[in-house]
Amino acid sequence: MPVKNRKVALMGFRAVGKSSLTIQFVENHFVDSYDPTIENTFQKSVSYKGQDYLINVVDTAGQDEYSIFPRSYTVDVDGYLLVYSVTSMKSFDTVKVIRDKLLDQSGTTNIPLVLVGNKTDLHMQRVISTEMGKKLAADWKASFVECSAKQNEGVEEIFQKILQQVEQVQGNDPESGCTIL
Ligand SMILES: Nc1nc2c(ncn2[C@@H]2O[C@H](COP(=O)(O)OP(=O)(O)OP(=O)(O)O)[C@@H](O)[C@H]2O)c(=O)[nH]1
């Protein structure tokens with residue numbers, strides 16, 4: 001089977017760990033320092049349900065509710081990882097605003113999306129419970145993963161889930177019972 005190319009963008013408030021998750025996934029290490037991102041693209045080959053994929057991972061600049069939303073973020077992107085930090089209410093509110101902007105710009109409600117709660121290792125600083133994350137994802141009919149880029153927990157799962165969402169929305173998921181050839 002030929003390799004499938006999929007483009008996945010990480011979006012969210014500043015310093016929630018988008019770059020750290022990307023680097024942990026692509027290069028298998030954790031960066032402790034904080035260097036704000038403008039935009040970076042990485043590639044990684046993965047296998048999912050027997051199919052080889054080349055994932056283009058777009059690590060975007062941190063956003064807040066007032067950020068201008070570049071049109072390029074909705075062009076060619078197959079799926080989105082909306083990342084918040086479980087230690088930041090502001091970052092949780094920001095993913096909601098970003099999703100609204102994504103829906104607005106793409107003109108569809110059926111966007112492959114995974115809600116990602118990062119920094120679960122910071123137990124004492126946690127302000128967003130697992131239930132809050134689960135509920136928001138359920139409202140959106142999106143997938144939900146909690147993770148720690150630092151401890152490399154849940155990171156692979158995020159990318160498996162987004163591939164699953166992309167395949168489902170594109171009608172290619174074997175479990176959806178319908179295949180486009
Ligand atoms: N404890 C802990 N710290 C983390 C985790 N992920 C990221 N960090 C730290 O959080 C800070 C910000 O991480 P980045 O990955 O640069 O965040 P970002 O979302 O890419 O930031 P912007 O580029 O500004 O949008 C850094 O100091 C990271 O080391 C995590 O899972 N646990």
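Remember, it's 1-based here, ligands and their atoms both numbered in the order they're listed. The model shown is predicted, which means the values in this text are computed figures rather than measured ones.
- What sits closest to atom 31 (O) of ligand 1 on the protein, heavy atoms only, is Ala149 N, 2.9 Å.
- Ligand 1 lies less than 4.0 angstrom from a heavy atom belonging to Ser33.
- The nearest protein atom to atom 21 (O) of ligand 1, hydrogens excluded, is given as Ala15 N, 3.0 Å; this is a heavy-atom distance.
- A salt bridge between Asp52 and Lys4 is absent, with no side-chain N of the basic residue lying under 4.0 Å from a carboxylate O of the acidic one.
- Cation-pi contact between Lys44 and Phe25: present, with separation from the ring centre below 6.0 Å and deviation from the ring axis of at most 45°.
- Salt bridge annotation for Lys135-Asp139: present, with a cationic side-chain nitrogen under 4.0 angstrom from a carboxylate oxygen.
- Checked against Asp78 for a side chain to side chain contact (heavy atoms under 4.5 Å, CB included), the options Val169, Val166, Ile55 give a single hit: Val166.
- By the criterion of a heavy-atom distance under 4.0 Å, the backbone of Val31, and not its side chain, is placed next to ligand 1.
- No salt bridge links Lys161 with Glu156; every basic N to acidic carboxylate O contact stays at or beyond 4.0 Å.
- Contacts between Leu122 and ligand 1 below 4.0 angstrom, taking non-hydrogen atoms only, involve the side chain exclusively.
- With respect to the salt-bridge test (charged N to carboxylate O, under 4.0 angstrom), the residues Glu65 and Lys90 qualify.
- Of the N or O atoms in Ser19, one or more lie within a sub-3.5 Å distance of an N or O in ligand 1.
- Taking distance alone, with nitrogen or oxygen atoms compared against 3.5 Å, Ser20 approaches ligand 1 more closely than that limit.
- Under 4.0 angstrom from ligand 1, the non-hydrogen atoms of Val16 come from both its backbone and its side chain.
- The shortest contact between atom 23 (O) of ligand 1 and any protein heavy atom is with Thr37 N, 2.7 Å.
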